[in-house]
Amino acid sequence: RTKYLKIDPLVPELHKIRLAARILNRGGVVAFPTETVYGLGANALDGRAVRRIFRAKGRPADNPLIVHIASFRDVQDLVAYLPPRATLLMQRFWPGPLTLVLPRGDLIPDIVTAGLDTVGIRMPAHPVAQALIRVARLPIAAPSANISGRPSPTTGQHVLKDLRGKIDAVVDGGPATVGVESTVLDLTTPVPTILRPGGVTYEDLKAVLGEVAIDPAVRGSQVAQPRAPGMKYKHYAPRGEVYLITGELDRVTAKIRALVAAWQQRGCRVAVLATRETAAAYQQEPRPDYLEVLGSRSQPATIAANLFSALRNCDRHRADIILAETIAEEGLGLAIMNRLRKSAANRIIHA
Ligand code: TXA
Ligand code: MG
């Protein structure tokens with residue numbers, strides 16, 4: 001049975017945090033909110049507890065987990081050494097949606113890092129995540145709390161849908177505000193390299209570091225051995241087949257409308273993921289079976305916050321085909337397009 005704990009996200013009730021912390025201290029697995037997405041946590045120093053995470057998610061063993069901490073002091077114990085620019089980034093972006101890949105210390109069991117000689121560490125900004133780490137007095141290893149390959153969960157309900165009965169507890173602190181996962185930045189290379197774009201943008205990092213590289217896998221290049229092992233798997237996939245439609249905006253809406261008609265003709269249920277600027281184009285015939293307006297193109301933060309639940313909504317509406325517009329790959333747009341491209345398994349149609 002999975003315990004369900006509804007909690008106040010701003011002022012978490014201490015007795016509920018204590019209960020969840022006790023489960024973690026006994027080697028259990030607990031889903032909890034962070035500002036990015038919900039995580040599925042276990043004691044990062046206990047290999048057996050961490051194995052339960054992999055089992056519950058059906059996660060491939062070669063995909064390492066991020067270790068979550070709540071105070072700057074905790075980093076020292078988890079890494080072999082701290083490069084000076086790590087300290088700079090921690091001061092600027094922690095707590096927040098930035099994961100630093102650092103040379104791994106001896107305390108971390110192999111299963112957490114999937115045998116790599118590096119470890120990903122982040123300090124989440126969410127009060128519930130912070131309270132849980134503090135009260136449990138543990139570093140918490142936590143991937144996103146979804147079944148492997150499904151869209152990441154941004155609500156407690158998403159977690160229950162995927163993992164009810166498979167984990168010890170869900171702490172439900174309401175919807176995650178950022179909506180896409182943390183940026184994964186490798187600091188073990190001569191030039192810091194973004195392995196996964198996320199809540200902290202390339203532009204933010206560049207302003208602090210001067211030089212930042214972006215791993216080619218981020219923009220969809222098919223590489224045999226991406227450096228964030230997680231980037232090679234099918235990801236963020238709803239049951240329907242996702243297609244990205246790209247090009248000049250007027251042509252995109254026209255193309256999507258034509259595709260809606262064509263697929264409906266063949267008996268498919270079609271969903272469209274649109275933006276505020278284009279929504280009206282789909283509110284006339286041919287009407288998609290489901291329309292989700294993610295937000296305004298001028299506010300990518302809203303689009304990011306809605307993205308994963310939109311993909312799950314398409315499932316609830318039993319969409320066979322999901323047609324999504326692309327957005328500019330600047331700021332948060334880089335993370336949004338990365339997730340969309342992966343959910344579409346690189347099916348891209350040029351309008
Ligand atoms: O926002 C987030 O990062 C969320 C919340 C729960 O913190 N967590 C999350 O974890 O998204 P997960 O496991 O779903 O994604 C972690 C990504 C994977 O692509 C993994 O391969 C990469 O980070 N990663 C973790 N440790 C790494 C390492 N040592 N070297 C390279 N990539 C690493
Ligand atoms: Mg994940």
Side-chain angles (χ1 to χ4, degrees), residues 29-42 44 50 53-54 56-70 78-80 93-105 108 110-126 128-130 132-133 139-154 158-159 162-163 171 173 176-189 192-200 215 217-218 225-237 304 308 335 338-339 342-343:
V29 291
V30 175
F32 62 96
T34 82
E35 75 280 23
T36 57
V37 301
Y38 275 70
L40 180 59
V50 171
I53 294 178
F54 282 85
K57 282 185 58 107
R59 182 176 178 106
D62 66 351
N63 194 0
L65 307 183
I66 295 169
V67 177
H68 296 68
I69 58 171
L78 304 175
V79 300
F93 297 110
W94 281 5
L98 177 66
T99 295
L100 300 177
V101 173
L102 295 163
R104 151 200 187 180
I108 312 253
D110 272 339
I111 186 169
V112 171
T113 65
L116 297 176
D117 53 9
T118 57
V119 58
I121 302 180
R122 107 168 172 96
M123 185 189 289
H126 199 291
V128 171
Q130 291 183 351
L132 192 55
I133 298 165
I140 297 183
S144 51
N146 50 284
I147 295 283
S148 249
R150 299 265 302 144
S152 297
T154 52
H158 294 165
V159 176
D162 280 16
L163 296 175
V171 182
T177 51
V178 177
V180 291
E181 301 91 337
S182 63
T183 304
V184 178
L185 183 72
D186 190 348
L187 287 183
T188 66
T189 45
T193 305
I194 294 177
L195 304 183
R196 178 179 72 179
V200 170
D215 192 84
V218 165
Q225 200 60 266
R227 280 155 55 199
M231 298 294 275
K232 73 172 173 281
Y233 292 106
K234 178 176 150 174
H235 238 122
Y236 314 115
F308 288 137
N338 170 264
R339 307 307 190 271
K342 293 185 118 300
S343 73

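Just follow the structure's listing: the first ligand is 1, and inside any ligand the first atom is 1.
In this structure, R104 has no heavy atom closer than 4.0 Å to ligand 1. Heavy-atom distances between T113 and ligand 1 stay at or above 4.0 Å for every pair.
Residues I121 and W94 share a closest heavy-atom pair of O-CZ2, 3.3 Å. Among all heavy-atom pairs drawn from A31 and L40, the shortest one is N-CD1, 3.9 Å. The shortest non-hydrogen separation linking V67 to A44 is CG1-CB, 4.0 Å. Scanning all heavy atoms of the two residues, the minimum distance from I147 to D162 falls at N-OD2, 2.9 Å. The shortest heavy-atom contact between A129 and P33 is CB-O, 3.5 Å.
Counting the atoms of ligand 1 from 1 in the order shown, those under 4.0 Å from a heavy atom of T118 are 28 (C), 29 (N), 30 (N). Of all the atoms in ligand 1, the ones that sit under 4.0 Å from a non-hydrogen atom of T36 are 1 (O), 2 (C), 4 (C), 5 (C). Below 4.0 Å from some heavy atom of L116 lie the following atoms of ligand 1, by number and element: 28 (C), 29 (N), 30 (N). Below 4.0 Å from some heavy atom of V184 lie the following atoms of ligand 1, by number and element: 23 (O). Ligand-side atoms of ligand 1 in range of S144: 8 (N), 9 (C), 10 (O), 12 (P), 14 (O), range being under 4.0 angstrom from any heavy atom. Per-residue contacts place N63 under 4.0 angstrom from the following atoms of ligand 1 (heavy atoms of the residue considered): 18 (C), 20 (C), 21 (O). Residue G39 approaches ligand 1 through these ligand atoms, each under 4.0 Å from one of its heavy atoms: 6 (C).
Residues I133 and P139 are not in side-chain contact: their nearest non-hydrogen atoms beyond the backbone lie 4.5 Å or more apart. Looking only at side-chain heavy atoms (C-beta outward), R196 and S182 come within less than 4.5 Å of each other.
At a heavy-atom cutoff of 4.0 Å, ligand 1 is contacted by no atom of E35, backbone or side chain. Neither the backbone nor the side chain of D186 has a heavy atom within less than 4.0 Å of ligand 1.
Of the listed residues (G41, A129, P64), the one carrying the non-hydrogen atom nearest atom 24 (N) of ligand 1 is P64. Within the set H68, K57, R196, R122, the minimum heavy-atom distance to atom 15 (O) of ligand 1 is found for R196.
Taking distance alone, with nitrogen or oxygen atoms compared against 3.5 Å, S182 approaches ligand 1 more closely than that limit.
Separation of the Y236 and F308 ring centroids falls under the 6.0 Å cut-off.
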Q) Are R122 and E35 close enough, and set up right, to give a salt bridge (Lys or Arg N to Asp or Glu O under 4.0 Å), and what steps lead you there? A) CA-CA 12 Å; R122 107 168 172 96; E35 75 280 23; 2.8 Å; yes

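With 3.5 Å as the limit, one finds no donor-acceptor pair spanning the side chains of R59 and S144.
Because the distance cut-off is set at 2.8 Å, S148 fails to qualify as a neighbour of the Mg ion (ligand 2), as none of its N, O or S atoms comes that close.
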